[in-house]
Participant: 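Below you'll find the structure I mean.
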Amino acid sequence: ISRLRGAPRPRLLLQGQRRSGKSSISSVVFHKMPPTETLFLESTTRIQKEPVNLTWKSLMDSSFMDFQVWDFPGQIDYNDGTFDLETLFGDTGALIYVIDAQDEYLEALTRLHQTIEAIQRHNTAINIEVFIHKVDGLSDDFKLDTQRDIVQRTTDELADMGLDGVHIDYHLTSIYDHSIFEAFSKVIQKLLPELGTLENLLNGLVSNCRIEKAFLFDVLSKIYVATDSSPVDVQSYEICSDYIDVVLDMTEIYGYDRGESEVNTVEETKSSVGSSEDWSLPDQSSVMKLQNGMVLFLREINKYETPILVTPS
Ligand code: GDP
């Protein structure tokens with residue numbers, strides 16, 4: 001994990017048309033804003049969206065990723081030379097393109113296809129992730145039909161452009177449930193070179209400690225950086241994510257500065273591996289037993305970043 005902190009941060013570019021939900025997504029995921037409050041997001045409080053003088057802006061200094069939001073005003077033309085596409089796409093790990101599924105999306109798709117074409121000329125290594133967003137208001141059938149339609153139109157259009165080899169992943173998302181966190185987790189995981197090692201470590205933990213499922217979380221964003229290789233079921237992710245909220249809230253109210261003390265948590269155990277340098281910070285841990293017999297165990301790995309959350313059987 002300390003190597004993760006030292007490594008270059010994965011860079012994400014969030015694009016989409018106005019009102020597609022970009023500011024809401026970044027506020028909910030990275031600033032713990034309650035979804036209903038995004039209704040009142042003013043344009044003045046939004047994140048920097050200047051498309052010409054691009055500077056990467058880290059929204060979370062304590063996190064391990066860089067993140068930039070980019071609006072798609074109607075008149076943008078990638079070919080007119082206004083944009084330094086090398087700066088824009090050169091270092092980007094993933095482009096997240098947000099499409100409002102509750103609105104007409106043909107124009108958004110045209111923009112997406114133009115963007116993919118421009119990307120292909122500058123950085124073919126970028127992962128292209130399409131968030132089919134605001135699906136909370138749609139029935140299951142309609143969601144899948146919309147996804148099918150978007151995939152089909154994009155596949156056809158890219159084939160016409162001679163870009164049939166481009167791989168795109170699609171995610172159905174909403175800020176009103178955990179789907180947006182889940183989608184971000186998948187996007188981030190693909191950008192971490194250490195993923196295989198982390199997964200192996202978690203596999204070892206799970207089999208040696210008879211644990212049902214283990215996640216490695218970035219607590220502040222509730223994005224999971226890695227998990228063991230058993231399939232993720234959404235419910236266990238959701239419950240772990242809710243548990244993090246509870247622990248963070250309790251820590252905020254009853255915790256105190258660990259710089260001056262060795263303990264600061266609700267339920268506390270002191271680290272037994274404090275001898276190594278990376279582990280010398282006091283860790284925080286918490287256990288919760290649920291009515292259905294499930295036990296949630298959270299253990300922090302380093303002071304600011306990623307705790308481990310596991311559900312022993
Ligand atoms: P931006 O211009 O792309 O940054 O879009 P905003 O973040 O300002 O969002 C525009 C509107 O969409 C706001 O009223 C949000 O509350 C709403 N919105 C964002 N995400 C969702 C979602 O997942 N579901 C629903 N129903 N509305 C959303």
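Just so you know, ligand 1 is whichever comes first in the structure, and atom 1 is the first atom listed for that ligand. Owing to the predicted nature of the structure, the values given are computational and were not obtained by experimental measurement. FYI, side chains are in, hydrogens and waters are out, and symmetry mates aren't considered; it's all heavy atoms of this structure.
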Participant: What part of Asp136 sits under 4.0 Å from ligand 1 if we count only heavy atoms: the side chain, the backbone, both or neither?
Facilitator: side chain
Participant: Does ligand 1 have any atom that is closer than 4.0 Å to a heavy atom of Ser20?
Facilitator: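 In this structure, Ser20 qualifies as a contact of ligand 1 - some heavy atom is under 4.0 Å.
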Participant: Do Phe184 and Tyr224 pass the ring-ring contact (aromatic ring centres under 6.0 Å, His included) test, and can you show the C-alpha distance, the side-chain angles, and the key distance before you say yes or no?
Facilitator: CA-CA 9 Å; Phe184 257 103; Tyr224 66 94; over 10 Å; no
Participant: Decide, yes or no, whether a salt bridge links Arg153 with Glu157 under the criterion of side-chain N to carboxylate O below 4.0 Å.
Facilitator: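 A salt bridge is absent here (no side-chain N lies under 4.0 Å from a carboxylate O).
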Participant: If you measure every N or O of Arg19 against every N or O of ligand 1, does any of those distances drop under 3.5 Å?
Facilitator: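 Yes: some nitrogen or oxygen of Arg19 is under 3.5 Å from one in ligand 1.
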Participant: Which residue, Thr251, Val247, Leu296, forms the side chain to side chain contact (heavy atoms under 4.5 Å, CB included) with Ser286?
Facilitator: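 Testing Ser286 for a side chain to side chain contact (heavy atoms under 4.5 Å, CB included) against Thr251, Val247, Leu296 leaves exactly one candidate, Val247.
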Participant: Taking distance alone, with no angle check, do Thr173 and ligand 1 share an N/O pair under 3.5 Å?
Facilitator: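 No; the residue has no nitrogen or oxygen that sits under 3.5 Å from a nitrogen or oxygen of the ligand.
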Participant: If the plane angle is over 60° it's perpendicular, under 30° parallel, otherwise tilted; pick one for Phe215 and Tyr237.
Facilitator: perpendicular
Participant: Can Ile180 be reached from Val234 by stepping across I, L, V, M, F, W or Y side chains whose heavy atoms are under 4.5 Å apart?
Facilitator: no
Participant: Is Ile25 in polar range of ligand 1, meaning some N or O pair under 3.5 Å apart?
Facilitator: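 Between Ile25 and ligand 1, no N or O pair is found under 3.5 Å apart.
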Participant: Looking at ligand 1, does any of its N/O atoms fall within less than 3.5 Å of an N/O of Ile175?
Facilitator: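 Ile175 vs ligand 1: N/O contact under 3.5 Å present.
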Participant: Any idea which heavy atoms bring Phe217 and Lys222 closest together, and the distance?
Facilitator: CE2-O, 3.5 Å
Participant: Does ligand 1 come near enough to Lys134 that some N or O of the ligand is less than 3.5 Å from an N or O of the residue?
Facilitator: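 Yes; at least one N/O pair falls below 3.5 Å.
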Participant: For ligand 1, which atoms, with element, lie under 4.0 Å from some heavy atom of Ser24?
Facilitator: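 Answer, ordered by atom number: 6 (P), 7 (O), 9 (O), 15 (C), 19 (C), 20 (N).
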Participant: Go through it in stages, so that I can follow the logic: the residues are Lys213 and Asp228, the test is salt bridge (Lys or Arg N to Asp or Glu O under 4.0 Å), and I'd like the CA-CA distance, side-chain angles, deciding distance and then a yes or no.
Facilitator: CA-CA 7 Å; Lys213 185 77 193 151; Asp228 64 277; 3.5 Å; yes
Participant: Find all atoms of ligand 1 within a distance of less than 4.0 Å from any non-hydrogen atom belonging to Arg18, and give their numbers and elements.
Facilitator: 2 (O)
Participant: Which of the numbered atoms in ligand 1 are under 4.0 angstrom from any heavy atom belonging to Ser174?
Facilitator: 23 (O)
Participant: Using a 4.0 Å heavy-atom threshold (strictly under), name the region of Gln102 that reaches ligand 1: side chain, backbone, both or neither.
Facilitator: side chain
Participant: Does a sphere of radius 6.0 Å around NZ in Lys190 hold more than 12 heavy atoms from other residues, nucleotides or ligands, not counting ones at 6.0 Å or beyond?
Facilitator: yes
Participant: Using a 4.0 Å cutoff against the non-hydrogen atoms of Gln17, which atoms of ligand 1 qualify?
Facilitator: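 Listed by number with element: 3 (O).
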